[in-house]
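One structure is given below, encoded as structure tokens.
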Amino acid sequence: EPEVTQTPSHQVTQMGQEVILRCVPISNHLYFYWYRQILGQKVEFLVSFYNNEISEKSEIFDDQFSVERPDGSNFTLKIRSTKLEDSAMYFCASRDGTGTDTQYFGPGTRLTVL
Amino acid sequence: AQSVTQPDIHITVSEGASLELRCNYSYGATPYLFWYVQSPGQGLQLLLKYFSGDTLVQGIKGFEAEFKRSQSSFNLRKPSVHWSDAAEYFCAVGRGSNYKLTFGKGTLLTVNP
């Protein structure tokens with residue numbers, strides 16, 4: 001069964017550094033999402049992406065965040081200058097958009113900012 | 001704005017016992033409702049979903065959920081819990097042009113032998 005994959009599984013970085021979290025969505029999917037879960041809190045929507053542009057973003061998704069689909073398979077989330085409060089689990093999800101509205105999630109990347 | 005409430009942070013049941021996990025939502029129209037499960041170190045796996053039609057939906061692993069519009073609820077049930085069901089369960093609501101999901105805080109299920 002096709003699945004969403006994410007790398008790395010765990011990333012440790014120093015405050016102020018840039019990080020790129022990578023996702024490979026399911027191959028025929030058209031809609032892509034990033035969510036995050038701070039320890040002990042809800043899973044929160046960050047951004048949705050369709051047709052090579054952001055379709056919606058939350059207020060969390062400020063200028064420090066960006067997303068990109070650099071080729072036909074990868075979908076990345078970049079945080080330009082990490083803060084301590086960016087420490088969280090980041091989930092990528094994708095949806096095919098052909099009638100089913102189910103989002104399929106990857107295993108997540110745990111980001112730790114020191 | 002849409003929101004989801006899962007009133008139970010942690011539930012412990014014995015193996016073989018029945019299970020009900022509660023979920024209440026707030027949404028302006030008929031929502032799309034989902035239950036996801038997360039095992040340690042794993043991603044979010046879809047258990048079941050409700051879009052329309054029959055209000056009792058069947059999912060994987062023997063789970064079912066019932067949509068009750070009058071109570072704004074979408075509770076998850078299983079008649080007999082297995083030790084492998086120990087995990088965290090998330091209820092979510094999503095619709096709109098981007099189908100972004102709004103999650104509840106999750107319910108951690110512990111299964112005693």
Side-chain angles (χ1 to χ4, degrees), chain A residues 1-10 23-26 29-51 53-61 67 88-110, chain B residues 1-10 23-27 29-53 57-61 65 67 74 87-108:
Chain A
E1 182 178 321
E3 58 183 20
V4 177
T5 59
Q6 290 185 243
T7 54
S9 57
H10 190 189
C23 169
V24 179
I26 295 174
H29 284 191
L30 302 176
Y31 295 81
F32 313 110
Y33 304 82
W34 283 101
Y35 293 81
R36 78 172 186 190
Q37 184 183 29
I38 295 172
L39 189 64
Q41 298 187 25
K42 296 184 183 187
V43 177
E44 303 171 287
F45 167 78
L46 289 178
V47 65
S48 59
F49 190 87
Y50 170 70
N51 200 26
E53 61 182 24
I54 291 173
S55 48
E56 186 174 351
K57 60 183 180 179
S58 73
E59 57 187 29
I60 302 168
F61 194 88
V67 289
M89 181 73 89
Y90 289 80
F91 293 104
C92 174
S94 68
R95 176 172 71 89
D96 65 13
T98 60
T100 175
D101 302 299
T102 300
Q103 292 180 32
Y104 294 88
F105 283 79
T109 293
R110 178 162 298 284
Chain B
Q2 57 200 49
S3 66
V4 177
T5 301
Q6 293 181 248
D8 304 305
I9 296 172
H10 188 189
C23 172
N24 293 96
Y25 67 89
S26 172
Y27 196 79
T30 301
Y32 292 166
L33 293 158
F34 305 83
W35 275 99
Y36 284 86
V37 62
Q38 184 181 29
S39 299
Q42 303 296 311
L44 296 164
Q45 181 184 22
L46 180 70
L47 282 177
L48 47 77
K49 59 190 177 186
Y50 172 79
F51 290 161
S52 64
V57 293
Q58 303 296 321
I60 63 171
K61 305 184 180 186
F67 170 58
F74 188 56
E88 189 151 24
Y89 292 80
F90 294 92
C91 181
V93 60
R95 200 162 181 177
S97 57
N98 291 306
Y99 297 100
K100 72 177 184 185
L101 295 177
T102 298
F103 285 85
K105 285 192 172 183
T107 298
L108 180 65

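All chains are named by letter (A, B, ...) in the order of the sequence lines, taking the proteins before the strands, and each is independently numbered beginning at 1.
For B:Tyr99, the parts sitting under 4.5 Å from any heavy atom of chain A are the backbone and the side chain alike. Contact annotation for B:Leu101: both backbone and side-chain heavy atoms come within less than 4.5 Å of a heavy atom of chain A. Of the atoms belonging to B:Gln38, it is side-chain heavy atoms, and not backbone ones, that fall under 4.5 Å from chain A.
The distance between the ring centers of A:Phe105 and B:Tyr36 falls below 6.0 angstrom.
Heavy-atom contacts from other residues, nucleotides or ligands closer than 6.0 Å to CD of B:Gln58 number more than 12. Counting heavy-atom neighbours within 6.0 Å of A:Lys42 NZ, excluding the residue itself, gives a total above 12.
Annotation: maximal heavy-atom pairing with chain A below 4.5 Å, among B:Gly104, B:Gly106, B:Gly43, occurs at B:Gly43. The residue among A:Ser55, A:Gly108, A:Ser48 with the most heavy atom pairs within less than 4.5 Å of chain B is A:Ser55.
With rounding to the nearest 0.5 Å, the separation of NZ in B:Lys100 from CZ in A:Arg95 is 13.5 Å. Of the inter-residue distances, the one linking A:Tyr104 atom OH with B:Leu46 atom CG reads 6.5 Å to the nearest 0.5 angstrom.
Near-neighbour residues of residues 34-41 of chain A relative to chain B, defined by a heavy atom under 4.5 Å from a heavy atom of that chain, comprise A:Tyr35, A:Gln37.
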